[in-house]
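Residues take their numbers from the sequence shown, with the count starting at 1. For the numbers below, each heavy atom of this structure counts, side chains included, while hydrogens, waters and symmetry mates do not. Just follow the structure's listing: the first ligand is 1, and inside any ligand the first atom is 1.
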Amino acid sequence: MEVSIGVIGLGRIAKAIISPLLERGEYEPEQVFGIVGSPSSVSPALIDLPAGVRVVSSEDYLSKEAWSSPLKLLAIKPQQFGKIKELVSTVQVGDQIPKPLLISVLAGINLASLQEAFPKHTCVRAVPNTPSLVGSGLTGLAWGDDITFAQKTTVRKLFEPISEIFELPEQQLDSFLALTSSGPAYIALVIEAMADGAVAAGLPRNLSNELAHKTLSGSATLLRKKGLHPAELKDMVASPGGTTISALRHLEFAGLRSALIEAIVLAAQKSRQLAEEASN
Ligand SMILES: NC(=O)c1ccc[n+]([C@@H]2O[C@H](COP(=O)([O-])OP(=O)(O)OC[C@H]3O[C@@H](n4cnc5c(N)ncnc54)[C@H](OP(=O)(O)O)[C@@H]3O)[C@@H](O)[C@H]2O)c1
């Protein structure tokens, strides 16, 4: 059985990570100790979690137990990181071998900042994306110094039930995030716009939403199952002088392709900038 886990910030993403582990019996409820920001968040945090999971607010003296766990999942909002840094400096952590493990899912807080805030820990940066909430996510992992083989296994086991895992050098995490973490928003925009187009062309709203969504997921499944390059699928659909090539001509003219390319480059730059600001 795994060691106990202290969850600092038992919000949406932490619950998505912890719940399948509890369901699979990888952790007993009593091994999970969560902290939330305010006392009023304790009851909502416990909803859908099995009896035995303990949750307290950050002001509660019992929160020390989560802080002393050899395995900590940090899942607060990045803007709460300053407060956490102050708090952790007051928590006594002895010199342990191996060092306690701190896994952060905070966007824009790099390993150097984590290591500075948690000096006696081995730190890991994890970048799960929102589809992880329904078990269909992608998680990028960047390992901190001195991580042991056993600790890597522990981390992988946390994210495997909700996502496919990609181990990357830290400098690639911003680009990973720009594609996979921001990507669901781009896709949502595309689905919404395609549905709007169908409404403009005369279809009812609900039907348009459903068809746009299913066209996207069906196309993604076809690409994956047949191992097609996207250009092959485009050429399969676009017959000479037909409707699709007329529409594609307009999309190229309107700059859809370069808009998406630049959007991802911008998101990666912004992520790097936020990490620099947070480390100053
Ligand atoms: N949601 C996602 O899909 C997703 C995906 C990838 C990464 N992330 C990352 O995950 C992190 C959390 O996101 P989320 O969506 O799960 O946010 P969330 O639902 O708001 O959860 C944040 C949790 O942190 C608690 N908290 C606030 N201050 C605290 C303190 N001083 N000590 C301990 N806990 C404290 C909050 O409690 P209160 O409610 O009482 O303030 C809340 O339970 C973010 O850094 C985000 O970048 C999220």
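- Relative orientation of the Phe176 and Phe166 rings is tilted, given thresholds of 30° and 60° on the angle between their planes.
- Remark: of the listed residues Glu30, Glu28, Glu65, Glu65 is the sole one forming a salt bridge (Lys or Arg N to Asp or Glu O under 4.0 Å) with Arg54.
- In terms of protein heavy-atom proximity, atom 2 (C) of ligand 1 is nearest to Ile13 CD1, 3.9 Å.
- The shortest contact between atom 21 (O) of ligand 1 and any protein heavy atom is with Gly11 CA, 3.3 Å.
- Ring planes of His250 and Phe253: tilted class, angle from 30 to 60°.
- Annotation: Glu167, atom CD; neighbour count of heavy atoms from other residues, nucleotides and ligands within 6.0 Å is above 12.
- The shortest contact between atom 6 (C) of ligand 1 and any protein heavy atom is with Pro128 O, 2.9 Å.
- Each of the atoms 30 (C), 31 (N), 32 (N) of ligand 1 lies under 4.0 Å from some heavy atom of Ile84.
- Considering backbone and side-chain N/O of Arg12, one or more are found under 3.5 Å from N/O of ligand 1.
- In this structure, of Val105, Val42, Ile35, the residue bringing a heavy atom nearest to atom 46 (C) of ligand 1 is Val105.
- In this structure a side-chain-to-backbone donor-acceptor pair under 3.5 Å is present from Gln115 to His121.
- If you check which protein heavy atom lies closest to atom 12 (C) of ligand 1, you get Ala75 O, 3.1 Å.
- Hydrophobic clustering (side-chain heavy atoms under 4.5 Å, transitive across Ile, Leu, Val, Met, Phe, Trp, Tyr) groups Val53 together with Leu73.
- At a cut-off of 3.5 Å, with distance as the only test, a side-chain donor of Ser41 or Ser38 sits close to an acceptor on the other residue.
- The atoms of ligand 1 that sit less than 4.0 Å from any heavy atom of Thr130 are 3 (O).
- For Arg249, the CZ atom counts as loosely surrounded, since its 6.0 Å shell holds 12 or fewer non-hydrogen atoms of other residues, nucleotides or ligands.
- For CD of Gln172, the number of neighbouring non-hydrogen atoms (other residues, nucleotides, ligands) closer than 6.0 Å is greater than 12.
- With atom 44 (C) of ligand 1 as the reference point, the heavy atom nearest to it among Val55, Asn129, Ile76 is part of Ile76.
- Atom numbering of ligand 1 starts at 1 in the shown order; those under 4.0 Å from a heavy atom of Leu10 are 43 (O).
- Shortest contact from atom 39 (O) of ligand 1 to any protein heavy atom: Ser41 OG, 3.4 Å.
- Atom numbering of ligand 1 starts at 1 in the shown order; those under 4.0 Å from a heavy atom of Pro78 are 44 (C), 45 (O).
- Atoms of ligand 1 found under 4.0 Å from any heavy atom of Ala107, numbered from 1 in the order shown, are 47 (O).
- Considering backbone and side-chain atoms together, Gly37 places an N or O closer than 3.5 Å to an N or O of ligand 1.
- The closest donor-acceptor contact from the side chain of Ser132 to the backbone of Asn129 lies under 3.5 Å.
- Here the heavy atom of the protein found nearest to atom 24 (O) of ligand 1 is Gly9 CA, 3.2 Å.
- With hydrogens left out, the protein atom closest to atom 14 (P) of ligand 1 is Lys77 NZ, 3.9 Å, a heavy atom.
- Residue contact annotation: Ala45 has no non-hydrogen atom under 4.0 Å from ligand 1.
- Each of Ile17 and Leu138 belongs to its own hydrophobic cluster when Ile, Leu, Val, Met, Phe, Trp and Tyr are linked at side-chain heavy-atom distances under 4.5 angstrom.
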